[in-house]
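Written out below as structure tokens is the structure these notes cover.
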Amino acid sequence: MSDEQELGITESKQYNTGEWYAEVVQKAGLANYGPEGMSGFIVTRPRGYALWEAIQNYLDGEFKKTGVQNAYFPLFIPESYLEREKDIVEGFDPEVAWVTHGGHEELEERLAVRPTSESIIAPYMARWVRSHRDLPLRVNQWASVVRWEATETKPFFRTKEFLWQEGHTAHETRDGAWDETMTRLSQYRSLYEDVLAIPVLRGAKPEHDKFPGADTTTTVEALMPDGKSVQAGTSHYLGTSFAEAFDLTYTTEDEDEEPAHTTSWGLSWRSLGALIMTHSDDQGLVLPPTIAPEQVVIVPIWQADTQEKVLEYAEGIADELEDAGVRVELDARDERNPGFKFNEWELKGVPVRFEIGPNEVDDDVVTAVHRPDGESVELDRENIAEAVQEQFDEVYAKLYAAAEENLEENVREATARNEILGTIGQHGGYVKAPWCGDEACEDEIKDQIAAEIVMVPLNDEDAEIHDGEDCAVCGDDAEETAYFAKSY
């Protein structure tokens, strides 16, 4: 174990959230900051990458159930391709990294390092689509993108290069494309709520904050314990603008030529940042069993005269769990004492710890300890594989309940500008307020308290604006409900 892990977590989640987060990421073995002179980049360690693989495997399976096929497109995008969709160029130009030379030779045309891939995927989809029989077409790629933001590095939240998936589809009709948009948003919601134990809100971005070139951008938003919102995943209905720009057309049954309706949707390793920030504590990383690289760690506790029988008993349990598909680690290191091992595995976020000493062997039981709260439960040795699944369910329920309570307690309403400012300033979280739809009203809040409209609700009671309601900022007639919050 490294010296940095021996030190434990020295910062407080409540009082020094940024420093605490950086400590957890590094000391739990998830990532390191990039080389000197490369601000904004990180090195993802195997333990951190294992978490990303778990997310990837879950989503990849869900995508394929609905007809999505994986593909891969070049990292470099010719400038002329970007320029064919002007909104993409205008939206991403400040963040694009450009390649101007190949070896010692200057390129005839600059190449953009992929900031997003609509402008290179759409032209190839156009080659693959001729008739309505070719639709719907669904492709996805797992890749990295580069956005040259001048922000402080925050692993998994803010980095110049980040891992993500981006799906792209083409459809005959608006309804088909809109259903696709909602399907992907639902899958992102399921990832957070059913895998990461994080409840999310579902909505749309305001018109001025939608994806460049999109008709509608939908989002799932997760509230962090420090009161800030995370844009947890986005799904875009692009309309026909990209199809028209890249000649993505199809022939109808009546032999008419029509532009396709397209979508794109993406989720990045920001989901890992949300996972770490939501559940972890001052002892280190906390992970739900659904995603933890090790779901159970077994720590045998012995004296010289009991070592053999304790180890034999522990090894039998480890083998049984492994045969049942449980991700289990038997920590039989002789050079480390049990207390050290407890602290190390707590730091690494293992959700369930089995403590096995001579008393457990004699009584044919196991002492199980939950990572979130230290609750200790005695389990019978018989049918241990079934029993541990119940412990996983309990741990997951505890994590979800805590995150849900944080969300429910931190959605507040306001009807006046000062109420928005005061509530966010004092409590953080989300403030629901009637809004006229004018970006200038958001700017006024943003300038004073660095909060923005993170979403407007989608087609439910939450979105209702009643007759006579005025915008909470300017007093003009309200058109929709806005959720204001500070965000990552």
Side-chain angles (χ1 to χ4, degrees), residues 1-34 39-55 151-159 162-163 192 195-198 222-230 232 268-295 297 327 329 339-353 369-374 395-396 398-400 402-403 406 428 487-488:
M1 182 172 168
S2 69
D3 290 339
E4 67 176 4
Q5 285 180 332
E6 280 191 274
L7 293 173
I9 304 300
T10 62
E11 297 290 349
S12 164
K13 180 177 184 178
Q14 181 177 358
Y15 299 109
N16 298 296
T17 305
E19 293 81 358
W20 164 84
Y21 177 86
E23 260 201 293
V24 171
V25 166
Q26 294 179 88
K27 291 184 177 180
L30 304 181
N32 294 119
Y33 287 88
S39 173
F41 293 87
I42 63 170
V43 174
T44 309
R45 298 179 63 177
R47 190 170 183 78
Y49 199 82
L51 296 177
W52 177 241
E53 284 182 314
I55 289 173
T151 57
E152 181 181 354
T153 306
K154 195 176 191 69
F156 306 119
F157 277 127
R158 289 292 179 188
T159 51
F162 54 90
L163 299 179
Y192 278 91
V195 179
L196 304 184
I198 302 174
L223 184 64
M224 298 296 98
D226 63 355
K228 293 182 180 178
S229 184
V230 171
S268 78
W269 68 10
R270 183 176 289 181
S271 53
L272 295 183
L275 174 73
I276 298 162
M277 182 71 76
T278 297
H279 300 308
S280 301
D281 57 25
D282 288 352
Q283 280 67 55
L285 185 65
V286 176
L287 297 172
T290 42
I291 197 172
E294 306 92 0
Q295 295 171 302
V297 60
R327 298 186 293 277
E329 177 78 18
F340 183 95
K341 295 176 184 179
F342 295 167
N343 291 333
E344 177 180 358
W345 292 109
E346 284 181 357
L347 175 63
K348 290 184 173 181
V350 179
V352 175
R353 181 174 74 241
V369 181
H370 296 178
R371 170 65 181 93
D373 55 8
V395 168
Y396 194 94
K398 290 177 184 179
L399 295 176
Y400 191 92
N406 178 60
S487 61
Y488 279 99

Original post:
Given Met224, which of Asn406, Ile276, Thr278, Thr17 fulfils the side chain to side chain contact (heavy atoms under 4.5 Å, CB included) condition?
Top reply: Thr278
Subject >> Contact summary for Gly40 and Thr153, nearest pair of heavy atoms >> reply: N-OG1, 2.8 Å
Original post:
Which residues satisfy the salt bridge (charged side-chain N to carboxylate O under 4.0 Å, His left out) test with Arg353, sequence neighbours excluded?
Top reply: Glu346, Glu355
**OP:** Could you pull out the closest heavy-atom pair between Lys27 and Leu347, with the gap in Å?
**Re:** O-CD2, 3.5 Å
Original post:
How many angstroms lie between atom NZ of Lys154 and atom CE of Met277, to the nearest 0.5 angstrom?
Top reply: 4.5 Å
Subject >> Flag, side chain of Tyr21 to backbone of Pro155, donor-acceptor distance under 3.5 Å >> reply: yes
Subject >> Spatial distance of atom OH (Tyr33) from atom OG1 (Thr159) [nearest 0.5 Å] >> reply: 10.5 Å
Original post:
Is the backbone of Ala222 close enough, under 3.5 Å, to the side chain of Tyr192 for a donor and an acceptor to pair up by distance?
Top reply: no
**OP:** Apply ring pair (Phe, Tyr, Trp, His ring centres under 6.0 Å) to Tyr400 and list each qualifying residue two or more places apart in sequence or on a separate chain.
**Re:** none
Original post:
If we only count heavy atoms from C-beta on, is the Glu329 to Val350 side-chain gap below 4.5 Å?
Top reply: no
Original post:
Is there a donor-acceptor pair under 3.5 Å between the side chain of Glu11 and the backbone N or O of Glu23?
Top reply: no
**OP:** Step through it carefully: locate the ring centre of Trp269, locate the ring centre of Phe156, and say whether they are under 6.0 Å apart.
**Re:** yes
**OP:** Measure the spacing between OH of Tyr396 and CD1 of Ile291 and express it to the nearest 0.5 Å.
**Re:** 9.5 Å
Original post:
Between atom NZ of Lys348 and atom CZ of Arg47, what is the distance when rounded to the nearest 0.5 Å?
Top reply: 6.0 Å
Subject >> Heavy-atom donor-acceptor pair, Glu344 side chain to Phe340 backbone, under 3.5 Å >> reply: no
**OP:** Give the minimum heavy-atom separation between Lys228 and Tyr488, together with the two atoms involved.
**Re:** CB-CE1, 3.6 Å
Subject >> Euclidean distance, Thr44 OG1 relative to Leu163 CG, rounded to 0.5 Å >> reply: 6.0 Å
**OP:** Of all the heavy-atom pairs spanning Pro351 and Ala292, show the shortest one and how long it is.
**Re:** CD-CB, 3.6 Å
Return a table of donor-acceptor pairs under 3.5 angstrom between the side chains of residues 281-289 and protein atoms on other chains or two or more places apart.
| from | atom 1 | to | atom 2 | distance (Å) |
| --- | --- | --- | --- | --- |
| Asp281 | OD1 | Gln283 | N | 2.9 |
| Asp281 | OD1 | Gly284 | N | 3.3 |
| Asp281 | OD1 | Arg371 | NH2 | 2.8 |
| Asp281 | OD2 | Arg371 | NH1 | 3.0 |
| Asp282 | OD1 | Lys13 | N | 2.9 |

Subject >> Shortest non-hydrogen separation from Ala274 to Val230 and the atoms involved >> reply: CB-CG1, 4.5 Å
**OP:** For the pair His279 (side chain) and Leu196 (backbone), establish whether a donor and an acceptor sit closer than 3.5 Å, ignoring hydrogens and angles.
**Re:** yes
**OP:** State, yes or no, whether a side-chain contact exists between Phe162 and Leu272 at a heavy-atom distance under 4.5 Å.
**Re:** no
**OP:** First locate atom CG of Leu51, then atom CG of Leu30, and finally report the distance between them rounded to the nearest 0.5 Å.
**Re:** 6.0 Å
